[in-house]
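Accompanying notes for the structure given below.
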Amino acid sequence: MEVKGIKLSEIEHTELLELHKQVSDFIKFLDGEYENIKKMEAERL
Amino acid sequence: MSKLLKSIEKKIEIDKEIINVLPKTGIKQIKDLKKKIETMLDKYNKMDASIIKEMNRRYDNITSIKENPEIAVVKKQILEWNNLGLSDDAQNAFEKMGLDKLLYNLNGYYKKDLGTINKDIIRCVKKFKEVGIQLTKKDFNISEYVSEYMSVLLEEASKGVTNSEIIKNAFEKVYWKCSDLIPHIIVNIRQIYDKHEEEIELFYKNKTEKILSELNLTKEQLEAKKQELVEKLDSLVNLDGRNILDSFFNNTYSVSDYKRENYDKTYEKIISKNPDELTKEEKADMDINISDLHNNLVEYVNYLEFKFLIDEILKLREEKLKEVAKEQEEKANANKKDKKGKKDKNGKNTQKSEYETLKLEIKTLFDDIEKINGTHVEEKPKFGFFKKKEEQIINKNDPAKILERDKKILSIKDLYAKIDICRQKEVIFANVNDTSKLLDLLRLASYNYGFLARTIIKQYPDIIENDIHSMIERIRKFVRLYNFSVINNINMLEKKDISIVIKDKYKLLGMALTKENFSEAGIDELIKDIQLIKSYNDIVRSNILLEDIQYVINAKEILKR
């Protein structure tokens, strides 16, 4: 498994945990944005 | 921050910016942005799935660590030797069989359910079987109630059942005729033990001799070997990755404490300088000292917790010494009055100790009961035959006799309670002398379950039954399995403050310890600090990495494992 050309199996534990944090936090952000945009779309239609 | 993290962080920033700057006024723009977010979500979810997969792979890999198989082998060996009770001369067969615990439990029958009581009765029967005495219903003949109930219980137990409807019905039937059924059974079991006591003592003696001869060791050598194994087990467990990891899983240790900066800070607190200032050799020596101090502190704290038992032993010894002095004085006075004194036909002084008197009283009462029951057997004549009378209970239709017998059974139960206390004093008197160490006293206290339970209740009057049991287990485990170096060397009569003895030793070895560290307010913190340094060192020397432990504990929550 690679992310940005770097094998996940080769990174340190702390990096992996931090990576997960960054990505999962951003997914939460995207989920929030997606809900907002869906509402906006519904209002316009 | 690593290259990867920086790169992802940058990518996330860009994607965030795209979402922020894209126009969202018209419906087409909104749809475009929605599509964009969906694409991003898909991309990041896939990335997250890869990360989670890798996290799970590492988690499984680290947590699959197995306990060193040598630990189980050493544990088994220690337990086997412990169960033999080879070096415990002061422990009698009654205690070695475990009847002390079972009968203590039965004595509290009114707090338990019938199923538990039946199990304990059957356990008693099994204990006799283990020492070569097969009990049958004929042995339970102290009263017709016991005979009736035990016939059913033994029959059912032979089928592996101890709480069937048949047993419950039998209990119901007998109980209303005699609500003292369980005390009757208790007295009956004690009578059986008394009858076979010599035989059982011989069983243990022979077993001990056989094992020692097989091992080609003396009792002392075996005890020394056991101590070596205890030390070995301690070391194996402390350096075992599986056990270390479990200590984090069960919250004995916390990952937030086990950080290098915390270790250095704590070390500095104990030795008043940064550990980096020590040479490699000095650090290695100090680590050993800290490990020893940890062992001493745990021993000291346990000693403080169980000191009330030592105090009770010393109190009983004091009482016994006074009783003996009084008896001797009385004997001397009697001899002065009448030079011959009270002597038997062989010229021996017939004055009996309290223990002997109680034993005789019990025997007399049992004889009376057997006469009423018609089960009395005359002493075997040296020559010729002796005839056992019919075993069936012949006075069952004489209510006055039955009442008299039942009173005697309950009297015996009370006498056994007295003789147990009396025997404890006799054992203390015989085994404790002015050279005894604190550990000798604690060991002596640990042998008899009834004594332990009584003394614990005296110390903690509100304690509940389960806590008594778990405390006794802890005391026995401590006495049998601890790697002692303090209380096994301190004489029971020394008035030394053990904390000062420990403090002084480690001050000499360069630790910045004060009296306050050992005060009630300070000891917990000291132990916590020493434990942290010791465990940290153990982890470094073990087959698991601290980084792996920290990862597993952090990942556990995320992965919901």
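Heavy-atom neighbours of B/K24 NZ from other residues, nucleotides or ligands within 6.0 Å: above the threshold of 12. No more than 12 heavy atoms of other residues, nucleotides or ligands shown are found within 6.0 angstrom of NZ on A/K21. Few gaps surround CD on B/Q29; more than 12 heavy atoms of other groups in view lie less than 6.0 Å from it. Shown here is B/E231, whose CD atom has more than 12 heavy atoms of other residues, nucleotides or ligands within 6.0 Å. Summarising the local packing, CZ of B/R561 is surrounded by more than 12 heavy atoms from other residues, nucleotides or ligands at distances under 6.0 Å.
Between B/K11 atom NZ and A/F26 atom CZ the span is 8.5 Å, to the nearest 0.5 Å. Once rounded to the nearest 0.5 Å, the distance linking CG of B/L41 with CD of A/E33 reads 10.5 Å. Interatomic distance, B/L5 CG to A/Q22 CD, rounded to the nearest 0.5 Å: 5.0 Å. If you take OG1 on A/T14 and CG on B/N554, they are separated by 10.0 Å, rounding to the nearest 0.5 Å. Within the model, atoms CD1 of B/I51 and OG of A/S24 stand 8.0 Å from one another, a figure rounded to the nearest 0.5 Å. Rounded to the nearest 0.5 Å, atoms NZ (B/K34) and CG (A/N36) are 13.0 Å apart.
Neither the backbone nor the side chain of B/K36 has a heavy atom closer than 4.5 Å to any heavy atom of chain A. Residue A/D31 touches chain B through both its backbone and its side chain, counting heavy-atom pairs closer than 4.5 Å. When heavy atoms are compared at a cutoff of 4.5 Å, A/E35 does not approach chain B at all. In this structure, chain B has a heavy atom under 4.5 Å from the backbone of A/E12, while its side chain stays farther away. With a 4.5 angstrom heavy-atom cutoff, B/I12 touches chain A via backbone and side-chain atoms both. In this structure, no portion of B/L545 lies under 4.5 Å from any heavy atom of chain A.
Smallest separation of non-hydrogen atoms from B/M55 and A/L16: CG-CD2, 3.5 Å. Residue B/R57 comes nearest to A/S9 through the heavy atom pair NH2-CB, 4.0 Å, listed as atom of the first residue, atom of the second, then distance. The nearest pair of heavy atoms linking B/G26 to A/R44 is N-NH1, 4.2 Å.
By the 4.5 Å heavy-atom criterion applied to side chains, A/M40 and B/I27 are not counted as neighbours.
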Open item on the list: Determine whether A/I37 and B/I19 satisfy the following criterion, side chain to side chain contact (heavy atoms under 4.5 Å, CB included), listing intermediate values before the conclusion.
Closed with: CA-CA 10 Å; A/I37 207 81; B/I19 294 169; over 6 Å; no
Open item on the list: Quick one, B/M47 with A/I27, criterion side chain to side chain contact (heavy atoms under 4.5 Å, CB included). Give me CA distance, side-chain angles, the key distance, then yes/no.
Closed with: CA-CA 10 Å; B/M47 196 189 289; A/I27 290 171; over 6 Å; no
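Ring orientation note: the planes of A/H13 and B/Y551 are close to parallel, at an angle under 30° on the 30°/60° scale.
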